[in-house]
Each structure stands twice: as structure tokens, then as C-alpha cells.
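What you see is a predicted model, and the numbers here were worked out from it, not measured in a lab.
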Amino acid sequence: MTNEEVIEILRRIADMLEIKGEDRYRVMAYRRAADNIAHLGRDLSDLWQEGRLREVPGIGEALEKKLDELFRTGRLGYYEDLQEEVPVGVASLMAIPEVGPRTAKLLWERLGLMSVAEVEKAAREGKLRELPGLGARSEQRILEGIEALYRRSTRIPLYVAWPIAQDLVAQLRALPVVEQADAAGSLRRMKETVGDIDLLASSVEPAAVTDAFVKFRRVKEIAAQGPAKATVRLDNGLQVDLMVLEPARFGSLLQHFTGSKAHNIALRERAIKQGLSLSEHGFKRQDGSEILCRSEEEVYQALGLQWIPPELREDRGEIEMAAAGRLPKLVELGDIRGDLHVHTRWSDGAATIEEVANKAQALGYEYLVISDHTKGLGVANGLDEARLREQRREIDRLNDTFDNFRLLQGAEVEIRGDGSLDFPDEVLAELDVVVASIHSGLRQDRETITARMIKAMRNPHVDIIGHPSGRILGQREASLVDLDDVLIEAQKTGTILEIDGIPDRLDLDDVHVRRAVEMGVRLSIDSDAHSLDGLEAMYYGVMTARRGWAEKKHIVNTLPLVELLASLKRP
DNA sequence: GCCGTTTTCGGCCCGACTGTTTTCAGTCG
């Protein structure tokens, strides 16, 4: 039973309980437990075997018992009983925007609807408007919700949403009535994917801002519009929320809209203990008087907390650390001294070695590792021994022309199906840095692919494992490789695990970066560039590292060249 | 359902917008 399967069951139970009208805190408890399992970064079944389920926040006596049954038998009686009362299809209706538990129940009880397609058909036939509490407008909104669901059923990558958000922010800032405008939400927290775009603005005339906003270019549909808030959908189906308040409240607004939801809930619980009520408007004392926060720092200060970087705001321990004044000093782009994984025209890159070297210097790097593909990856024009040695001469020649900058020769070698590499050790020994990656056989079963990666890590020449999970956001799931075992092996062998900055890889992901940091496993942040612009992907890699609580000391390519070379496991 | 600087029981975040309402429930973030 995988984490994903457990999470799905817990979320379905929450939906079913909500439709039944059960206590909302019980519903929330199931969702909270599911979220915390999703952020675990390791197999829940392992924790179960070790008898440590209760260590997961949100898992108490009752859930421990249910999970134990699930892991032992593969089934859960409670869940099966629930399905007698509320079919799973009914719970699935809640995926439709505008349809919550009450409406789902209504559609099921009155019309027997149990799938999105059935709801769509009934809505088109005008049957929904007959139901108590619904009308023609609601019917139309549900139809629009279904269309939005079909158009965009998954979250979109950060790098796709980013330029769209920047364009919208620019349009907001161009409005004369707007004082400040920014993007917040999961975008500001640098999550790898975002579900929507959250914007905020300050103005003494909020209604004028929302009025102008709903007329922005690319806005196709207005889902809601009031004086302080508006929600629209763009031509590509992406939802954008805007919230506007007066400038004196901008700090509270920014804090509120940056989230995450779990972080905000935890902050508000903390506020209550101090006799305060916290919202996007600011703090309210019990006598009704207000504390306004123009800056975000003031919000955290009022709660006795250090300012918390947005990347950490997931309620995964950051509030406790901020209270103790012990937040990590997260790695920054400026800490990066070199890129350890870059391709050139020698294999499948678009630029010459000289061009990427110049770009690296323009980025302020002290060193750059040329790590082209090797012969095992024919489709990428991988290098054989002869071309590798020829490339070395080119690198040596260029190095003679540089001051205060050094090119290193590496390679991204293939981890073959059996865990062997596509170069013998004596060839690997000629390289300054060896990155080893899996590009084929990604669908091997868990044991095989894990053993394969571990075998590569045990090779004394392999310094770095490239993009360990092999996932590509929105296209390819991660391989089944057991990253827990890989982390342990990295600990043993001193192998560095890569955070690949290509924005649809971001591999390791934030959750496993956090595990690596906790375990003391060394990490590198690389661009894996295949073009000059590609080197700038370092930015997304750094953001992922930050979300994983990584500090400068955890990232090997923040080291000066000499120290970096000394720290590699050269035999 | 969980959980403990007041708690092993009684709490558990806060507000905006919409539609169908005549004072508010439902949904969302």
C-alpha cells in the first residue's frame, strides 16, 4: 500500500463524512492527516512496520488503528461501510468548482447523480434549477465549473504560471489607483506547481481596482466580483484571484494571501492564545480595537515570531522554529559558486563550451562542470572515449584563457539496466566530476531500479546522482526507485544527490530535499542546462532547495573550487 | 478526528462573495 493510496482513501473518507454532514473537525482531521502523509518524504508503511505511525502529526489513536488495519489486510472496514451510505461517485462530484458537500448530496438524493458526466447532462437539460436552493444561475455556474474542470484538471508548473502572473501584476501596477501589487499564494511560496494565481493590491479605492481587473486582457470569465475580491478565469482556464485592501493593511494582506492555508490556521491559533484574532485585515483585540500591519514583518513580530520566508510556510515546523528564533538561514542564489551539470553541442546541448563558459562567468560563477551525455545515450549524441579525450583538450585550451574561472570536465554517464556504467573505471578516473543518471528502464520495478541506482552509488568514481527520481512534471511520474534507500546509501557512500533545476524536473523535490537535509546527505543544485538560457534554471533549483530547508552548508556547489574538489570521493 | 504554556475534555481560523433568500447557507481560499 503506497502513500498515495492511503492518502486517497483518507481524502475520500473526508469527502464522504462531509457529505453525510458529520462534524467538520472530524472531516478536517482526515484531510490534515492526508496532507501530512503527503509531506512525509518516506513510506508510511515503513513507519507502520516500526510502530511509529503516531509520530506523524495528525495521526492519533483512531487513525493509527485504521491505518494498521489497512496495512495488515489491504482493506478498511470503516471505509467500506461508509461507501454503503455515500457512494464514491457522489464524493467525486465535489471536484466540480461550485459543488460542495451540500450540493453533491442534493444532486445525489434528488436526482441520483453520481458522476460529473451525469451532472453535466442534467444541467444541460435544465434539471438542476428545479432543485430547492438552486436556480438557473447556480445551474449555469455548475456548468461553467464543469467546463473549467475539464479544461484544467491538474495543477500547472510554476514556470508556466510565473510569466502570466508577472504580466498581471504589471497590469495592476499600471493602474493609477494602485499603490502596491504583488503575486502571492503558492507562486510566492515557490511551489513546483500552482493551482491558481493569487494577486493582491493595495489602494484607497479597492472597488476601482477589482473593476479594472475583471477587464484585463486574457480574462475570459468572471467567477466572482466584489469591492475587495474578484475571481476570474483566463482564456487558458487558469483561475486568478485578486484581493485589494487599503495600504495600511498591506502586510496582513500579503501574509494572508501567501498562505499556506495550514500555515495561516496555525498562526491564527497562536494569535488566539495571545487574545488576538488574525485575519487579512490585521489583528483584532478582544475589545474590538485593531492592530494594522503595513509590512509582513509586523504580522510575525506581533505573534512573537521571526519573519518566516514564504518557501517555509507549510506548517511543517517553521512556526515552532521561528518562535525559538532558530529558523534556518536558507541557501540563496548568490551562494552558488558553480554549476556541476551542463550540456554542450558535444552531446545534445545547443551552445559551445566557450559560450556556456562565458555565460557561467556572467552569472558570477567561479567554476563550471561540462557534463555531456556519454555513449550509452546514443539519441543524445553521447561521447565515446575518443571524443571525451578530444573534449578534454578543448577544455584545457579554454582554461588557459581564463582568469579566476575554471572549467572542469565531467560527464553525465548512463546507469545501465543492471546498474553498471557505460564507461569503465579507468575512463571515469580521467574525469574531474562524474554525474550518473538513469535515462532508460525508468519503469523497472522498485527493487530492480533501487538496486541499480545503489550499485552506481557504490562506484567510487560516481560523485553525483543526477535527477534521482526521473520525474517530469505533468508528463512522467517518478520511477519507483526507493528514495529512502537511496538517501541511506548516499549517507553511507558520501554520494551527492542532485537537485535538478530544470523547472519541470525539480528532482529531488522539496520533500526529499528536506529528508536529505535532516539526514546530512550532501546535495548539489544544478541547471542541467541544454542551452545558454538553460543555465538560469539554477534559480528554480535554489527555490526547491529552500522549500526543503536547505542551507548553504548543505549544498556542495556553494563551496570554493578547491574545497569542492577536495570533498568529492575521488579514489 | 486530534491534541495540550487553561485543558486527557472541550476546544478546534477567518472572512468575502453568490444566489436564493427575506436573514443566510454554501462555497471558496
Side-chain angles (χ1 to χ4, degrees), chain A residues 10 13-14 17-19 21-36 53-54 56-67 78 93-107 128-142 144-145 148 184-186 194-200 206-207 210 214 222-232 239-245 249 252-253 255-284 303-304 315 320 323:
Chain A
L10 293 179
I13 290 174
L17 290 175
E18 201 172 27
I19 288 168
E22 286 264 355
D23 178 53
R24 64 198 181 99
Y25 295 105
R26 173 177 292 182
V27 173
M28 208 156 78
Y30 278 92
R31 297 212 170 113
R32 190 174 286 189
D35 287 346
N36 286 329
L53 285 178
R54 293 285 285 275
V56 180
I59 296 182
E61 199 182 334
L63 275 175
E64 180 188 39
K65 225 176 137 205
K66 290 190 170 73
L67 291 172
Y78 178 69
L93 301 185
M94 286 169 64
I96 304 171
E98 312 295 335
V99 175
R102 310 300 303 183
T103 309
K105 186 178 187 186
L106 186 73
L107 295 174
L128 268 45
R129 66 183 70 189
E130 318 277 319
L131 297 172
L134 294 186
R137 300 291 300 272
S138 299
E139 188 176 79
Q140 184 56 30
R141 286 173 71 89
I142 288 170
E144 284 166 10
S186 48
V194 301
D196 63 6
I197 292 178
D198 296 305
L199 302 175
L200 46 89
T210 52
V214 299
I222 303 168
Q225 184 194 350
K229 262 175 106 167
T231 298
V232 301
Q239 179 173 312
V240 184
D241 296 326
L242 170 70
M243 182 150 180
V244 195
L245 288 176
R249 301 180 193 270
S252 304
L253 182 62
Q255 194 290 312
H256 163 82
F257 234 177
T258 297
S260 66
K261 185 177 175 180
H263 177 87
N264 284 356
I265 289 175
L267 285 191
R268 286 167 183 172
E269 284 169 351
R270 190 178 172 87
I272 288 173
K273 287 182 186 146
Q274 296 178 211
L276 297 169
S277 166
L278 171 61
S279 78
E280 59 265 43
H281 296 277
F283 291 97
K284 220 180 263 176
L303 292 167
D315 191 25
E320 292 77 0

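- Within the 4.0 angstrom heavy-atom criterion, only backbone atoms of the sugar-phosphate kind lie near A:P101; the bases stay farther away.
- Between B:dT21 and B:dG26, the two P atoms lie 13 Å apart (nearest whole Å).
- As judged by a 4.0 angstrom heavy-atom cut-off over every strand, A:Y78 is placed among residues touching the sugar-phosphate backbone only.
- With A:H256 as the partner, the side-chain hydrogen bond (donor to acceptor under 3.5 Å, both in side chains) test is satisfied by one option alone out of A:R249, A:H281, A:R268: A:R268.
- Within the 4.0 Å cut-off from OP1 or OP2 of B:dG1, at least one side-chain nitrogen or oxygen of A:R26 is found.
- Distance, A:R249 CZ to B:dC14 P: 16 Å, rounded to whole Å.
- B:dG15 atom P lies 9 Å from atom CG of A:L278, rounded to whole Å.
- Between the C1' atom of B:dC13 and the CG atom of A:L276 lies a distance of 13 Å, rounded to the nearest Å.
- Going from the C1' atom of B:dC14 to that of B:dC9 covers 25 Å, rounded to whole Å.
- Straight-line distance between the C1' atoms of B:dG11 and B:dT6: roughly 11 Å, to the nearest whole Å.
- Using a 4.5 Å heavy-atom cutoff, the side chains of A:R32 and A:D315 are not in contact.
- Backbone-only contact: A:V99 has heavy atoms under 4.0 Å from sugar-phosphate atoms and none from a base.
- At whole-Å resolution of the value, CD in A:E98 and C1' in B:dC17 are 10 Å apart.
- The side chain of A:R137 contributes an N or O atom lying less than 4.0 Å from OP1 or OP2 of B:dG19.
- If you measure from atom CD of A:E61 to atom C1' of B:dC3, you get 12 Å, rounded to the nearest angstrom.
- Within the nucleic acid shown, A:A104 has no heavy atom closer than 4.0 Å to any nucleic acid atom.
- Protein atom CG of A:L242 is 14 Å distant from nucleotide atom C1' of B:dC17, rounded to whole Å.
- You'll find the side chain of A:E22 stays beyond 4.5 Å of the side chain of A:Y30, heavy atoms only.
- Positionally, the nearest nucleotide of DNA chain B for A:V56 lies more toward the 5' end than for the other of A:V56 and A:R268.
- Taking a cutoff of 4.0 Å between a charged side-chain nitrogen and a carboxylate oxygen, A:E280 and A:K229 do not qualify as a salt bridge.
- At B:dG1, one or more side-chain N or O atoms of A:K66 fall inside 4.0 Å of OP1 or OP2 (strictly under the cut-off).
- Counting any heavy atom pair closer than 4.0 Å across all strands shown, A:Q225 reaches sugar-phosphate atoms only and no base atom.
- Heavy atoms of A:I96 sit under 4.0 angstrom from primed sugar atoms or phosphate atoms, though from no base atom.
- When the C1' atom is used for both B:dT8 and B:dC12, the distance is 15 Å, rounded to whole Å.
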- Query: What do the steps show when you test A:T103 against A:E98 for side-chain contact (heavy atoms from CB on, under 4.5 Å), and what is the final call?
  - Reply: CA-CA 8 Å; A:T103 309; A:E98 312 295 335; over 6 Å; no
- Could you give me the CA-CA distance, side-chain angles and deciding distance for A:L131 and A:L107, then say whether side-chain contact (heavy atoms from CB on, under 4.5 Å) is met? CA-CA 8 Å; A:L131 297 172; A:L107 295 174; 3.8 Å; yes
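- Rounded to whole Å, the distance from CZ on A:R141 to P on B:dT27 is 12 Å.
- For the OP1/OP2 pair of B:dG1 and a distance below 4.0 Å, the side-chain nitrogens and oxygens of A:R32 include no atom meeting the criterion.
- Using the Watson-Crick or G-U wobble rule with both distances under 3.5 Å, B:dG4 pairs with B:dC9.
- Comparing the P positions of B:dT23 and B:dG29 gives a spacing of 29 Å, expressed to the nearest Å.
- No engagement by A:L267 is indicated, since no non-hydrogen atom pair under 4.0 Å with the nucleic acid exists.
- Only the P atoms considered, B:dC13 is 16 Å distant from B:dT5, to the nearest whole Å.
- Side-chain atoms of A:T210 come within 3.5 Å of backbone N or O of A:G226 as a donor-acceptor pair.
- Residue contacts shown for A:L134 are limited to sugar-phosphate atoms, with no base heavy atom under 4.0 Å away.
- Taking only side-chain nitrogens and oxygens, A:Y25 never comes nearer than 4.0 Å to OP1 or OP2 of B:dC9.
- In this structure, A:S138 reaches the B:dT20 phosphate: one of its side-chain N or O atoms is under 4.0 Å from OP1 or OP2.
- Comparing the P positions of B:dG10 and B:dG15 gives a spacing of 26 Å, expressed to the nearest Å.
- If you check B:dT18, B:dC13, B:dG1 against the side chain of A:D23, the one that comes closest is B:dG1.
- Under 4.0 angstrom from either OP1 or OP2 of B:dT27 there lies at least one side-chain N or O belonging to A:T103.
- Remark: A:H281 is in phosphate contact with B:dA16, judged by side-chain N or O atoms under 4.0 Å from OP1 or OP2.
- OP1 or OP2 of B:dG29 lies within a sub-4.0 Å distance of a side-chain N or O belonging to A:Q239.
- Where A:A62 and A:A230 meet DNA chain B, the nucleotide closest to each residue was compared, and A:A62 sits on the side nearer the 5' end.
- Shown here is A:R54, whose CZ atom has more than 12 heavy atoms of other residues, nucleotides or ligands within 6.0 Å.
- One interatomic measurement links the two molecules: CE of A:M28 to P of B:dG11, which rounds to 15 Å at whole-angstrom precision.
- Between B:dG15, B:dC13, B:dC2, one nucleotide has an atom nearer to the side chain of A:K284 than all others, and that is B:dG15.
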